[in-house]
Each structure stands twice: as structure tokens, then as C-alpha cells.
Amino acid sequence: MYLIDSHCHLNFDGLKDRLPEVFANMEAQSVKQALAISVSKQSFAEVFAIAENNGHIFCTIGVHPDRRDAAEFSVAEMVAQARHPKVVGIGETGLDYYWCKGDLAWQHRRFADHIQAANEAGLPVVVHTRDAAADTLRLLKECNTRAGVIHCFSEDVAFAKAALDLGLYISFSGIVTFKNAPSIQEAAKYVPADRMLVETDSPFLAPVPKRGKPNEPSYVRYTAEFLAKLRGETLEQIAETTTENFYRLFSKVPRTA
């Protein structure tokens, strides 16, 4: 039995300066692989280097939707980089109406470009959505998204159903363990076992019982344990299904021994 952290930021402060310890903690908790997520041009260079230097780490390429003035990749650039064996997904991308206000046409275009790149590269798109549920679903449909995951799921059952109907996977972070997250917990009970992933989004959103502390990939085990109890399953079942789902969605990632 082992787990995979499907979304983390290993190049961020609090993780990048202690990677040997982070990796040892992963091994101790049977977290065998992790996906390091790009949020900018600079961060792609950083996560790519971490992935290249560590066999159990893979990465994505993308630009987060939280900054209008962020340097961007062209579709062609993302597709070209995605040919590398260590680049296994496109994103983090999506819509964020919490941090960004006003005319957000630029955000819609950036999201559409990422979906196009994912479709052309034959890779899944990693979707961030905050306070933008309707437009996120609309653009995913209009752009004919072929494969992807709603990361750090923070919506309700209705959104989960709509995303599942589009063929997407749903990834649960430490938020699902919080007492003030009943709608997310209901969604976690609703999502079919074969469409669910687990993640940390570290160094953010540490799950109970580590809430309030810096998060790290090894803590994905606490989220998996919570989901097992919530769904009436064993940790072994959650680990097996979420790991299989990860390999099915991120099909470039080789299985670990």
C-alpha cells in the first residue's frame, strides 16, 4: 500500500530548503511519489529541476490565474515542454474570482490556452477554481477538455457531479478534514472511488491534526485516513484507488516499486 501526493509546491518556502527531510517523511508515511505543480514561468524552472533530480517527483507546466501581469507560456511552449518525460500535466490553471476582480477576460483566455495545450499534448489539465464555479465548468466544456482534475476541491455535490459528467477527476486536500467543510465532505462521500485523488497543496492547508502548521507531502496520509473513515472504507482501499486513479490520469508517470 502506498499513497501519491497529486498536488504540492516543493519549490515554495518551507519545503525547498529541506527537501531531504521532506522526502524522508514521505517514505516514512508510504507516500511514494508526488507531483510538483508549476504556477509561473519561474516556478516551472524550479519544479522541473526538482523533478529531474529526484526519481519519485514529477511536475507540471503552467501559470496560475491569480496575477494578470504574470509572464506566460504560449500554447506551443507548453506543448513542447510537455514532451519531456518528467512533465506530466498542464497547470495549475483555471479561474479565481476571489483574488481577481473586474474584467477577467485575460483569465478566461489564459485558462483556454492551458486547456488547448493539454489537449494537444495529450495530458491532463490541473484546474484551480475559486468563487468561479459556473464559468469554470462552462470553459471546461466549451474548450472540449479531454482530461483533467479539479484540484483542492472546495465546492459542493452539484459542482462535483457537473465536473464528473465532463470526465474530470476530483482531488481532495486537507480542507476536507476541517470542521467547517460539511459541503466538501458530502462531495467526498459522493465522488465515485474511481475518480478521486488526494493531495496536500503543501505548504498550505495542512489537514487535521496538523492544521495551522506548514503542510508537506507526507501529510496526505491524514487526508486519506479521514476520507477512509468518512466513506466507510479502509485506508488501504483509499490508497489503492487513489493511486490507481493517479496513474490512470497522469499516465506518463511510471509505477514505483
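Side chains included, hydrogens not; waters and symmetry mates left out as well; all remaining heavy atoms used.
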Determine whether T256 and Y247 make a side-chain contact, defined as any pair of heavy atoms from C-beta on separated by less than 4.5 Å.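 A side-chain contact exists here, since the closest heavy-atom pair is under 4.5 Å.
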
Are any of the side-chain heavy atoms of R255 and Q33 separated by less than 4.5 Å?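 With C-beta onward as the side chain, the pair stays apart.
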
Under 3.5 Å, is there a donor-acceptor pair linking the side chains of E92 and H114?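 Result is no, nothing qualifies.
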
Establish, from distance only, whether the side-chain atoms of D66 and H64 form a donor-acceptor pair under 3.5 Å.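 Checked: D66/H64 side chains pair up, N/O donor to acceptor below 3.5 Å.
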
Before you tell me yes or no, could you show the steps for T60 and V87 under side-chain contact (heavy atoms from CB on, under 4.5 Å), namely the whole-Å CA-CA distance, both residues' side-chain angles and the distance that decides it to 0.1 Å? CA-CA 5 Å; T60 65; V87 181; 5.8 Å; no

Tell me every residue that passes salt bridge (charged side-chain N to carboxylate O under 4.0 Å, His left out) with D165, counting only those two or more places apart in sequence or in another chain.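 Salt bridge (charged side-chain N to carboxylate O under 4.0 Å, His left out) check on D165 returns K161.
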
Considering residues at least two apart in sequence or located in another chain, which fulfil the side chain to side chain contact (heavy atoms under 4.5 Å, CB included) criterion with L166?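 In terms of side chain to side chain contact (heavy atoms under 4.5 Å, CB included), with neighbours along the sequence ignored, L166 is linked to L137, L140, K141, L168.
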
Report yes or no: does [X] contribute a side-chain atom to a donor-acceptor pair with the main-chain N or O of [Y] at less than 3.5 Å?
X    : Y    : value
Q237 : T234 : yes
N245 : M196 : yes
E216 : S202 : no
S251 : R248 : no
R231 : V191 : yes
D5   : L35  : no
K189 : Q185 : no
K86  : F58  : no
Q29  : S218 : no
T243 : E240 : no

Shared ILVMFWY cluster between [X] and [Y], side chains joined below 4.5 angstrom?
X    : Y    : result
I90  : F250 : no
F172 : V31  : yes
V39  : L205 : yes
W106 : M78  : no
V79  : I61  : no

From [X] atom [atom1] to [Y] atom [atom2], the distance as rounded to the nearest 0.5 Å:
X    : Y    : atom1 : atom2 : value
R83  : Q81  : CZ    : CD    : 10.0 Å
N54  : C59  : CG    : SG    : 11.5 Å
L10  : R18  : CG    : CZ    : 10.5 Å
L104 : R109 : CG    : CZ    : 12.0 Å
I170 : E155 : CD1   : CD    : 9.5 Å
S40  : R67  : OG    : CZ    : 7.5 Å

Parallel, tilted or perpendicular, judged at 30° and 60°: which one describes the rings of H84 and F48?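 Ring orientation, 0 to 90° scale: perpendicular.
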
For F23 and H56, take the angle between the two ring planes, folded into 0 to 90°, and tell me which bin it lands in: parallel under 30, tilted 30 to 60, perpendicular over 60.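 Correct class here is perpendicular.
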
Is it true that K16 and E46 have a side-chain N and a carboxylate O under 4.0 angstrom from each other?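 No, this pair does not count.
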
Does R221 come within less than 4.0 Å of E225, counting only side-chain N to carboxylate O?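 Looking at E225 together with R221, the answer is yes, because their closest N to O distance falls below 4.0 Å.
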
Restricting to non-hydrogen atoms, name the atom on [X] and the atom on [Y] that form the minimum distance, rounded to 0.1 Å.
X    : Y    : value
I37  : N11  : O-OD1, 4.4 Å
F178 : A206 : CE2-O, 3.5 Å
C8   : A34  : SG-CB, 3.9 Å
P207 : N215 : CD-OD1, 3.7 Å
V88  : V253 : CG1-CG2, 3.7 Å
A193 : T241 : O-CB, 3.8 Å

Give the intermediate values and the outcome of side-chain contact (heavy atoms from CB on, under 4.5 Å) for residues M1 and L235. CA-CA 9 Å; M1 178 208 89; L235 174 60; 4.0 Å; yes

For T93, the option from V125, V63, T129, I115 that meets side-chain contact (heavy atoms from CB on, under 4.5 Å):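 Result: among V125, V63, T129, I115, V125 is the only option passing the side-chain contact (heavy atoms from CB on, under 4.5 Å) with T93.
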
Please say which of V198, T242, I150, V149 ends up in a side-chain contact (heavy atoms from CB on, under 4.5 Å) with S171.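 The single option meeting the side-chain contact (heavy atoms from CB on, under 4.5 Å) with S171 is V149.
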
Residue pairs involving residues 24-40 (criterion salt bridge (charged side-chain N to carboxylate O under 4.0 Å, His left out); sequence neighbours excluded):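 Sorted pair list: E27-K32.
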
Pairwise salt bridge (charged side-chain N to carboxylate O under 4.0 Å, His left out) hits with a residue in residues 118-138, at least two apart: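 Passing the test, one end in residues 118-138: D135-R138, R138-E142.
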
Going through the checks in order, is the side chain to side chain donor-acceptor pair (under 3.5 Å) test met by D201 and S173? CA-CA 7 Å; D201 202 15; S173 70; over 6 Å; no

Considering residues at least two apart in sequence or located in another chain, which fulfil the ring-ring contact (aromatic ring centres under 6.0 Å, His included) criterion with Y169?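 Y169: no ring-ring contact (aromatic ring centres under 6.0 Å, His included) contacts found.
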
If you draw a 6.0 Å radius around CD in Q42, do more than 12 non-hydrogen atoms from other residues or ligands fall strictly inside?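 Atom CD in Q42 is not packed in, count stays at 12 or less.
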
Answer yes or no: does atom NZ of K179 have more than 12 heavy-atom neighbours from other residues, nucleotides or ligands under 6.0 Å?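 No, the 6.0 Å shell around NZ holds no more than 12 heavy atoms from other groups.
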
Take T223 and V176 through the test side-chain contact (heavy atoms from CB on, under 4.5 Å) and record every step on the way to the result. CA-CA 7 Å; T223 299; V176 75; 4.0 Å; yes

With ring-ring contact (aromatic ring centres under 6.0 Å, His included) as the rule and sequence neighbours excluded, what pairs involving residues 186-235 come up?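 Sorted pair list: F12-F204, Y219-Y222.
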
In sequence, state the C-alpha distance, the side-chain angles, and the governing distance for H7 and H128, and then conclude on side-chain contact (heavy atoms from CB on, under 4.5 Å). CA-CA 11 Å; H7 192 114; H128 168 104; over 6 Å; no

